[in-house]
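Only one structure is covered here, and it is reproduced in the block below.
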Amino acid sequence: MTRATVAPAPEAPAAARAPRALQAVRGMNDVLPDEAGLWEQVEDAVRGVFRQYGYRNLRVPLVEPTALFVRGIGEYTDVVEKEMYTFEDRLNGDSLTLRPEATAGIVRAAIEHNLTYERPQRVWTAGPMFRHERPQKGRYRQFHQFDVEALGFAGPDVDAEQMLMLARLWKALGVAEGITLSINSIGDAPERVAHRARLIEHFERHAAILDDDAKRRLHTNPLRILDSKNPALQEMVAAAPRLLDLLGASSRAHFDGVQRLLSDHGVAFRIEARLVRGLDYYNRTVFEFVTDRLGAQGTVAGGGRYDGLFEQLGGKPTPACGFALGVERLILLLQESGSVARAAPLAYIVHSGDAASALAGRAAESLRDAGHAAVLNAGGGSFKSQMKRADVSGARFAVLIGDDEAAAGTATVKPLRGGGEQFTVPVAELATALSASPPSPI
Ligand code: ATP
Ligand code: MG
């Protein structure tokens with residue numbers, strides 16, 4: 001007797017087995033070409049302003065030893081307690097972390113390469129940072145920062161310089177209207193120790209209303225309670241003793257110096273005695289540029305002085321000051337403010353027929369030789385559909401090359417925006433003819 005065997009299910013037809021399309025990790029965004037043009041413009045503007053102030057690029061890895069951030073940022077901060085992407089190196093078991101911010105890595109690099117041995121250094125870096133936060137408008141899990149650090153400078157002049165530099169950037173980008181500057185001094189170590197004791201006393205008197213976060217931080221990081229966003233704590237926070245009232249003479253003089261320099265240069269600011277920042281390494285000057293146009297995620301750039309960080313990371317005492325600028329928030333602000341310019345090519349080259357295509361290719365290269373952006377139609381298409389693509393590209397001119405033009409070695413230029421009459425020129429003179437035309441208003 002033969003036993004019935006269950007035949008294996010036939011292979012599913014190919015279409016049914018088509019793999020499901022994968023999606024990006026939540027909170028980690030693609031920047032598609034339509035929007036990336038704006039990113040490039042912002043990046044160019046930022047790099048240009050940094051260069052004007054003598055800041056030079058420095059590049060550090062995206063992955064660092066976890067201990068760097070625990071020691072640098074502080075064990076009892078939001079970032080270290082709950083936001084880091086930490087994993088074990090499969091080969092040797094080392095604990096590694098995707099950088100949640102750039103300062104610790106830059107200071108590590110400066111110590112490792114003895115960067116400030118001969119002279120202080122102004123540096124900047126840029127790129128993605130990673131924090132496991134709840135994604136929402138202006139808050140993502142992979143986001144981008146420009147990060148600026150002045151290493152080895154003790155005076156209030158570099159603090160003010162960095163704020164001036166940002167104020168200049170807002171103007172250059174046309175968003176100065178929507179952004180205000182808040183500054184504070186959180187003093188030096190002894191002042192912070194004295195303040196801490198007074199804060200703990202104050203919070204203990206209000207122990208009944210403290211939330212879990214606040215209770216946990218009461219003896220580890222009471223300063224962070226001041227940064228609480230819990231509405232129920234706001235009144236108690238407002239009544240807490242202020243570090244600003246406990247500053248010693250040299251912290252006071254430093255803070256006065258920052259204010260004087262800002263005033264000298266006409267940069268408006270507000271002293272915000274409650275301003276503390278989320279990372280532990282700051283001392284003395286802290287500052288934030290804030291907008292009210294992005295809802296709760298209003299801080300576009302923030303920073304301050306961190307005179308103790310080098311020592312904390314095993315280096316020599318080195319005073320320093322820096323800030324980070326959130327690129328996504330700046331892009332959102334530009335979009336909200338409508339001050340968005342689009343980068344477009346000077347010309348889009350429409351062609352049909354073999355002889356015309358060869359000439360069109362040479363015409364495109366001659367425009368690029370002259371430093372212009374020229375897009376050569378690819379993939380064929382009717383005259384009408386090519387003209388549509390030319391228009392969508394935002395080009396100032398369509399350059400048309402058909403059989404007649406190919407035979408005569410000419411191109412017909414049709415202005416698409418910015419006005420002007422249609423004309424025909426020898427291809428050899430095309431670049432000169434288009435260079436003479438006023439640039440299109442973008
Ligand atoms: P927030 O209070 O908004 O959480 P933060 O104090 O954590 O900001 P910093 O660590 O000082 O921010 O980083 C500097 C800048 O980087 C912020 O002002 C902001 O523009 C940007 N930024 C910080 N976290 C995020 C994020 N998760 N998504 C997008 N941008 C961010
Ligand atoms: Mg944060």
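Every value quoted in this text rests on a predicted model; they were computed, and no experiment measured them. For ligands, and for the atoms within them, numbers begin at 1 and follow the listed sequence.
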Report summary line: If you scan protein heavy atoms around atom 8 (O) of ligand 1, the nearest is R329 NH1, 4.3 Å
Query raised in the report: Salt bridge check: are E288 and R277 linked by an N-O gap of less than 4.0 Å?
Result: yes
Query raised in the report: Looking only at protein heavy atoms, which one is nearest to atom 21 (C) of ligand 1, and how far off is it?
Result: G326 CA, 3.7 Å
**Report entry** Residue pair Q386 / N377, side-chain donor-acceptor N/O under 3.5 Å
**Finding:** yes
Report task. Indicate yes or no: does R242 engage D245 in a salt bridge with an N to O separation below 4.0 Å. Result -> yes
Query raised in the report: Do the side-chain N and O atoms of Y281 and E101 include a donor-acceptor pair separated by under 3.5 angstrom?
Result: yes
Query raised in the report: Of the choices R131, R134, E83, which has the non-hydrogen atom that lies closest to atom 10 (O) of ligand 1?
Result: R131
Requested in this report: Write out the residue and atom name of the closest protein heavy atom to atom 26 (C) of ligand 1, then the distance separating them to 0.1 Å.
Outcome: F143 CD2, 3.5 Å
Report summary line: The closest protein heavy-atom partner of atom 13 (O) of ligand 1 is Q145 NE2, 3.0 Å
Report task. Report the relative orientation of the aromatic rings in W124 and F146; use parallel for angles under 30°, tilted for 30 to 60°, perpendicular for over 60°. Result -> tilted
Report task. Please state which part of E288 comes within less than 4.0 Å of ligand 1, counting heavy atoms only: side chain, backbone, both or neither. Result -> neither
Query raised in the report: When you measure from atom 20 (O) of ligand 1 to every protein heavy atom, which one gives the shortest distance, and what is it?
Result: T299 O, 2.9 Å
Report task. Looking only at protein heavy atoms, identify the closest one to atom 28 (N) of ligand 1 and say how far it is in Å. Result -> Y140 N, 2.9 Å
**Report entry** Salt-bridge present (R293, E336; N to O < 4.0 Å)
**Finding:** no
Query raised in the report: Where does D78 meet ligand 1, judged by heavy-atom distances below 4.0 Å: at the side chain, the backbone, both, or neither?
Result: neither
